[in-house]
Amino acid sequence: MTAPPLLRVEHLTIRFGGLTAIDDASFEARRGEITALIGPNGAGKTTLFNCITGFYKPDIGRIVLMQGEPNTADIDRLTRSVRRHGIFASGCICLLERMSDAEIARRARVARTFQNIRLFSGMTALENLIVARHNPLMAASGYTILGLLGIGAYRSAEKEAIETAKYWLAQIGLTERADDAAGSLSYGAQRQLEIARAMMTEPVLLCLDEPAAGLNSAESSKLNELLRDIRKTHGTSILLIEHDMSVVMSISNHVIVLDYGRKIADGTPSAIRCNENVIAAYLGVEDDELRLAETKVGA
Amino acid sequence: MRTEGFLSKVKSAGLAALIMAALSFPIVAYHADMDLTRGLFLESRWPLVAILVGGTFILRLLSEFVFAWMRGRPAAATRKTKQGISPRAFHLIGFAGIGALIAFPLAAVFMLGPAGSLKWIDNYGIQILIYVMLGWGLNIVVGLAGLLDLGYVAFYAVGAYAYALLATDLGWSFWLCLPICGAIAALFGLALGFPVLRLRGDYLAIVTLAFGEITRIVAVNWTALTNGDAGISLLPKITFFGIPFSKGAEGFASHFRLPFFPIERTIFLYYLILALALLTNFLTLRLRRLPLGRVWEALREDEIACRSLGIDTVAAKLSAFAIGALIAGIAGAFFAVRQGFVSPSSFGFIESATILSIVVLGGAGSQAGNVLAAILIIGGSEFLRELDVLQEFFGYTFDPTQYRMLLVGLAMVAMMNWRPRGLVATRRPSIFLKKAKPVAVELIAEGRG
């Protein structure tokens, strides 16, 4: 019994001038699972991420984020309309390729981290987490006006946000460093803080771009634990790009392999491990062997 | 070792002298003048060139020794700045400062008499406080949100003209006009904000610069509304909430059974701008602890990260422009009622540059630094007026006030040497769990718009 899909990417294609960065990629990420996206350098993994999170607009394709179990007819009906999202009896649908980056984070509840960490380095760890709660806090402060006058629910909303921030700081072991500038933290701590900040938005899907890059083995295993906990305790599905195969193989339920913008394999970690296309893409093969492999994939 | 250091210092001084020689040859060496028959003749001024080059050499050599001496003892200096001032001491200094500002005009009158204190209250007190308020307003845009705005004076002009027109054409009172002028300026802030949303860094700076100039040029050319270069004069004077500061029985003095002095109006203006400036400060400090203020700072740190968190960066940018403009508009209305006259010449680019240099010199984002910088730059250029004695040396045509930008230049050079990120460069966190630790300047982004 497999979980229902949360994210469905269909025939995604994006070109930059003459370069086709992603070529007709289709895959699903299921609810409550950790889906890993792997591939050699330049395979288009981060580009795919940027399409899902709205930082790039794909040329062709549909990216559907589903809550509940909406049926295909409803998805197609929404696609034919000009709307970006819709609530149906069967579930809630967001068409991510039509939404802006901020809207994807706000409405579709997809959070992300970046390959080169993007923290607010001049603000403290606590402030970084509180800023992530901007939208609910802004509403609680009466769009600043009530907050300026000191009336309304802002104080209690802020208190609640601080409590959540404390929880996440404890989860990543940074409670003692809460009042230190994010930029002064160690590399590993910054990576974890960025994940905690993304989790402060209470996402349904967390997209992590190389979360283990630059971490030592102790930090890396701490990260695995954190991701497992996020998935188990918070029910957040995770989509991650990773080069560290030990991370990929130990925590992911499902692996998708990209090479030169095309999907070359899709399956469980153990199936991927012995897939010859994947081995060929990673280790490199003779040209005729590659052609043989490509005809097998149907490219 | 020692002689080597000395040689390099001489070398550096020689280089400076060479640059001075190259610069002064086309600018100073020959001077075209008219003789009695109105014909041009060329006068050579080589001795002056020699003095300039020699002077540059000696000054540079001296400064090299001073810098070497200062570099020789860096440990103590850095330890001091790293430590910072404790938040408690900070508050104490703040309250002491406010107390001093409240007592200042009364002390001045008491010590110098009503006539002698006018200059101190008006030229120093009010003038500096206007710039403190403008600095604090621009600080929201540049210091917090990290949007480089070179046309801030436009909103100051809009506020001043709005008051001038509302007060003369419609006869509205100052107290009614004050919030309206702020609101009109805020609308102009939004009008500037929309087209520049997508611009960053240098491009943002250029467009805001143009916006400032356009506002001034419109004020010059739309004579039907603004009376052009001649400006709008005879604006109604400030009243004590409806009671005029006049000599008669209806006046402020007789109303409160005080002896009449013309300076009473000036003192009232001083307290008014002090209250407006403090209100601006209160607003900024309060906003910093609200989601809006935090998002401005986050925007300065990393806009893409903001968007990935679902933050509406458009609203954040527009609100920064609008609130910055609101403050400038209110300051502009105050400026108009104080002068009793507005004209485009008060709102040139140099005003924008002065306000921006206050923010930059003070340390972008720092409220206290802004005050110090305003005192230094505005108070300093007022102080130059006092230096009439210099005319004894340089001749009667020498006007020390013409050199006020030199002061700004000197301040900037000194700043680049010792405090490249402004006088008060550390950032105080807006929220903390245990202890508010100041954030070191190296970690704070400057913002790219």
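In what follows, chains carry the letters A, B, and so on, assigned in the order in which the sequence lines appear, proteins first and then strands, with residues in each chain numbered from 1. Computed from heavy atoms alone, side chains included, the values below leave out hydrogens, waters and symmetry copies.
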Winner by heavy-atom pair count (cut-off under 4.5 Å) against chain A, out of [options]:
options	value
B:I304, B:L283, B:V439	B:I304
B:L287, B:I444, B:V295	B:V295
B:D302, B:T313, B:D312	B:D302

Between A:E103 and B:R307, does any NZ, NE, NH1 or NH2 come within less than 4.0 Å of an OD or OE carboxylate oxygen? no

Salt bridge present between A:R118 and B:E303 (N-O < 4.0 angstrom): no

Heavy-atom pairs under 4.5 Å with chain B are the metric here; pick the option from A:M123, A:R109, A:R106 that has the most. A:M123

Within this structure, what is the [atom1]-[atom2] distance for the pair [X] and [Y], rounded to the nearest 0.5 Å?
X	Y	atom1	atom2	answer
B:I431	A:T124	CD1	OG1	8.0 Å
B:I311	A:R133	CD1	CZ	12.5 Å
B:L309	A:F120	CG	CZ	5.0 Å
A:T175	B:K434	OG1	NZ	7.0 Å

Under 3.5 Å, is there a donor-acceptor pair between the side chain of [X] and the main chain of [Y]?
X	Y	value
A:S121	B:L443	yes
A:D179	B:F432	no
A:E127	B:S430	yes

Flag yes if more than 12 heavy atoms outside [X] fall under 6.0 Å of its [atom1] atom; otherwise flag no.
X	atom1	answer
A:Y167	OH	yes
B:L285	CG	yes
B:F188	CZ	no
A:R107	CZ	no
B:F95	CZ	no
A:Y187	OH	yes

Does any heavy atom of chain B fall under 4.5 Å from the side chain of [X], the backbone, both, or neither of them?
X	result
A:E158	side chain
A:S184	both
A:R197	both
A:F55	side chain
A:N135	side chain
A:L169	side chain

Between B:R294 and chain A, which part of the residue has a heavy atom less than 4.5 Å away: side chain, backbone, both or neither? both

Is it the backbone or the side chain of B:A298 that comes under 4.5 Å from a heavy atom of chain A, or both, or neither? both

Using every non-hydrogen atom in the two residues, find where B:S308 and A:A105 come nearest and quote the distance to one decimal. O-CB, 3.4 Å

Which heavy atom in B:L292 sits nearest to a heavy atom in A:M138, and how many Å separate them? CD1-CE, 3.9 Å

